[in-house]
Visitor: 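A single structure is presented below for examination.
Proteins get letters first, then strands, A, B, ... in listed order; numbering begins at 1 in each.
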Number of protein chains: 2
Amino acid sequence: MQIITVQPEAIFQALADETRLRIIRLMVTTGEECCLCELVDSLLEPSYKLSRHLKILRQAGLLSSQKEGRWVYHRLVMEASYLEPLHATVQALPDLDEVYSADLKRFHERLCLREEGRCRVGILT
Amino acid sequence: MQIITVQPEAIFQALADETRLRIIRLMVTTGEECCLCELVDSLLEPSYKLSRHLKILRQAGLLSSQKEGRWVYHRLVMEASYLEPLHATVQALPDLDEVYSADLKRFHERLCLREEGRCRVGILT
DNA sequence: CCAATAGTTGCACTATAGTGCAACCATGCA
DNA sequence: TGCATGGTTGCACTATAGTGCAACTATTGG
């Protein structure tokens, strides 16, 4: 839970990167929580890279993370008045290079592999 | 007028700076257009610094600028679907250090010096 | 207990962003 | 026409952000 208050600039700084925007966009669009390996297979980026970007998003108060055995589930934080319009902004962004739609397609495919709503397969690619 | 399409990251990058956020916040809150010298007196920052930040905001498609004699007036761009929720986000941000309210107070005082809605006095401080 | 695997992080490197100074352009008024 | 003034920009400098590699922790299944 995010009790700490974040500098407003840090919120926008967190979204000022293509990879992080892809992560947030996926979660805003689907409303799903997900683990790192699911993001690796959806964005086709190395885990160490995404892990670091997830940390930045967490520190900006945009995501919260919860460990479940070997997996860490990340989900959107909703408990701040500016987050609702911020999510709406992200959803209204144009998908210039069709990057987001491709991410979303792979993400949906990846979610099909869950067992009882939980990731059980690890990184595939 | 902004015809060019901006990379989504660039929009957030533009707001990922305290000075630029102060500028945008002032304009979102008041809905006013303003010239550089009015911003200098409101934010108490040197003109060369604000001039450069205004350029970044313009390039990100957040502001448009129009020259009027010696003065250049800057105003918010509204012609993109994501700008409305983005402005709402900026307005919903907390004013942690009372920086924005102080800016706003000085800005209102500065606007009182206009003649027929136009700046005529230049930099005062 | 050991091996495999989900995830994190230190280090080195490179690229980019923000700043101040000073010089500059451009406009209007005396 | 010359000067004051609103505004912009080139340069040098510093700080910070993003990346890949490799080493690391932690958990689970055999």
Visitor: Within residues 16-29 of chain B, find the residues that approach DNA chain C with a heavy atom at under 4.0 Å, and present them sorted by residue number.
Guide: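 Those residues whose heavy atoms fall under 4.0 Å from DNA chain C, taken from residues 16-29 of chain B in numerical order, are B:Asp17, B:Arg20.
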Visitor: For a quick check of understanding: with a heavy-atom distance under 4.0 Å over all strands, which category does B:Cys35 fall into, base, sugar-phosphate or nothing?
Guide: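 It contacts sugar-phosphate atoms only.
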Visitor: Sugar-phosphate atoms are those with a prime plus P, OP1 and OP2; base atoms are the rest. Using that split, label each nucleotide of nucleotides 20-30 of chain D B, S or - for protein heavy atoms under 4.0 Å, 5' to 3'.
Guide: BBB---SBS--
Visitor: Quick one: A:Lys55 NZ to D:dG18 P, roughly how many Å, whole number?
Guide: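 Going from NZ in A:Lys55 over to P in D:dG18 covers 13 Å.
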Visitor: Take B:Arg22 and B:Glu45 through the test side-chain contact (heavy atoms from CB on, under 4.5 Å) and record every step on the way to the result.
Guide: CA-CA 11 Å; B:Arg22 288 168 73 192; B:Glu45 297 282 351; 3.3 Å; yes
Visitor: If you compare all heavy atoms of A:Gln91 against all heavy atoms of A:Arg25, which two are closest, and at what distance to 0.1 Å?
Guide: O-NH2, 4.1 Å
Visitor: Taking the side chain as every heavy atom from C-beta outward, state whether A:Leu83 and B:Thr89 have any atom pair closer than 4.5 Å.
Guide: no
Visitor: Ignoring hydrogens, what is the shortest heavy-atom contact between A:Val121 and A:Leu113? Give both atom names and the distance.
Guide: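 Taking A:Val121 first and A:Leu113 second, the nearest heavy atoms are CG1-O, 4.1 Å.
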Visitor: Rounded off to whole Å, could you give me the CG-to-C1' distance for the A:Leu39 and C:dG7 pair?
Guide: 12 Å
Visitor: I want to verify a distance call: between D:dG18, C:dT8, D:dT8, whose nearest atom is closest to the A:Gln13 side chain?
Guide: D:dG18
Visitor: Round to a whole Å and report the spacing from NE2 of A:His53 to P of C:dG7.
Guide: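 It works out to 16 Å between those atoms.
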Visitor: Checking one residue: B:Trp71. Which other hydrophobic residues are in its cluster under the side-chain 4.5 Å linking rule?
Guide: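 Under the 4.5 Å side-chain rule, B:Trp71 groups with B:Tyr73.
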Visitor: Considering only heavy atoms from C-beta outward, does the side chain of A:Leu54 approach that of A:Arg58 to under 4.5 Å?
Guide: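 Touching, per the 4.5 Å side-chain cut-off.
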Visitor: I'd like to know if the side chain of A:Ser51 and the backbone of A:Ser47 have a donor-acceptor N/O pair within less than 3.5 Å.
Guide: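 No, A:Ser51 side chain to A:Ser47 backbone: no donor-acceptor pair under 3.5 Å.
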Visitor: Expressed in angstrom and rounded to an integer, what is the separation of B:Leu50 atom CG from D:dT9 atom P?
Guide: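 Going from CG in B:Leu50 over to P in D:dT9 covers 14 Å.
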Visitor: If I take atom CG in residue B:Leu63 and atom C1' in nucleotide D:dG7, what distance separates them, rounded to the nearest angstrom?
Guide: 16 Å
Visitor: Can you tell me how far P of D:dG7 sits from CD of B:Glu38, to the nearest Å?
Guide: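 About 8 Å, once rounded to whole Å.
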Visitor: Give A:Val40 one of three labels, base, sugar-phosphate or nothing, depending on what nucleic acid heavy atoms sit under 4.0 Å from its own.
Guide: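 No contact.
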Visitor: Under a plain distance cut-off of 3.5 Å, with no hydrogens placed, do A:Ser42 and A:Arg110 share a side-chain donor-acceptor pair?
Guide: no
Visitor: Please report, rounded to the nearest Å, how far the P atom of C:dA17 is from the CZ atom of A:Phe12.
Guide: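 Checked: the CZ to P distance equals 18 Å.
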Visitor: Check whether any side-chain N or O of B:Asp95 sits under 3.5 Å from a backbone N or O of B:Ser101 as a donor-acceptor pair, and report yes or no.
Guide: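 Yes, B:Asp95 side chain to B:Ser101 backbone: donor-acceptor pair under 3.5 Å.
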Visitor: Measure the distance from CD on B:Gln66 to P on D:dG7 and round it to the nearest whole Å.
Guide: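 So the two atoms are 14 Å apart, to the nearest Å.
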